[in-house]
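Data first, discussion second: the structure below is written as structure tokens.
Just the heavy atoms: all of them, side chains too, but no hydrogens, waters or symmetry mates, feed the values below.
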Amino acid sequence: MHLPKHLLVGVTVVMAMAATTAVALGATHSTTGPTVRATHAASGGAKVAVANSGLGRILVDGRGHTLYLFAKDKRGRSSCAGQCAGFWPPLITSGKPRAAAGAKASLLGTTRRADGRLQATYNHHPLYTFVKDTSKGQTNGEGVSAFGAEWDALSAAGAQVEKTSNTTDPSPGGYGGNGY
């Protein structure tokens, strides 16, 4: 069967786009891998501390990156895996998490993820970082609605922090409501 030239060009374009998408997804996977590993404690349990931010005093990991809760998590169990965990890496720990700089040791715990790894919890909330927080003090994930629920930073008491009206909204960059 002989196909018209315009159909052959269209098929070629679609195949090229598919190949480009596959390469991009592979690159995304390989770049999120180190982020997930970076949230893993170097030795012993993951460190959780309290730091000042534009949202007030919030929980941070050992690198000073904001820790978030996911409203979809229920009964201390994580509901974020796969692509979700690529954007919101869980705070993985190899032992009991350690409290530092204002965090309450009595509120720290762990939950076993579906892949068998231990994830740090605070006041029964599984803890996550956000890939768009690339340096200390950033709270780009605050109030983002993604993967079926909202993400919020946590206070030292282990409650969600609500963004105040004078805080800028990070979602116009495409985080909220666009399927991730």
Say you draw a straight line from CD of E142 to CZ of F130; how long is it, rounded to the nearest 0.5 Å?
-> 11.5 Å

Test item: H125 and L67 side chains (from C-beta on) under 4.5 Å apart, heavy atoms = no

Trace of the side chain to side chain contact (heavy atoms under 4.5 Å, CB included) decision for L154 with L127 = CA-CA 9 Å; L154 283 104; L127 300 175; 3.8 Å; yes

Contacts of Y128 that satisfy ring-ring contact (aromatic ring centres under 6.0 Å, His included) - sequence neighbours left out | W151

Is a side-chain N or O of Q119 found less than 3.5 angstrom from the main chain of T111, in a donor-acceptor match?
-> no

Side chains of P90 and R117: closer than 4.5 Å at any heavy-atom pair?
-> yes

Nearest-0.5 Å distance, OG of residue S79 to NZ of residue K74 = 7.5 Å

Nearest heavy-atom neighbours spanning S155 and L59 = O-CG, 3.7 Å

Looking only at heavy atoms, which two atoms of H124 and P126 are closest? And how far apart?
-> O-CD, 3.5 Å

Distance col, row D152:CG vs I58:CD1, nearest 0.5 angstrom, shows 11.0 Å

Can you hop from V48 to V50 via hydrophobic side chains spaced under 4.5 Å?
-> yes

Considering only distance and modelled atom types, tabulate donor-acceptor pairs under 3.5 Å from the side chains of residues 100-110, sequence neighbours left out.
none

Mind checking the CG-CD1 spacing from D61 to I92? Nearest 0.5 Å is all I need.
-> 12.0 Å

What pairs with N52 under side-chain contact (heavy atoms from CB on, under 4.5 Å), at least two apart in sequence or on another chain?
-> R57

Out of curiosity, T66 OG1 to L55 CG, how far, rounded to the nearest 0.5 Å?
-> 7.5 Å

Can we call the ring centroids of W88 and Y68 under 6.0 Å apart?
-> yes

Residues G141 and D133: closest non-hydrogen pair is N-OD1, 4.0 Å

Mark yes or no for whether R113, through its side chain, and C80, through its backbone, hold a donor-acceptor pair below 3.5 Å.
-> yes

Consider only side-chain heavy atoms of I, L, V, M, F, W and Y, link residues closer than 4.5 Å, and tell whether L91 and L118 are in one cluster.
-> no

Atom pair OG1/NZ of T93 and K47 - distance to nearest 0.5 Å | 13.0 Å

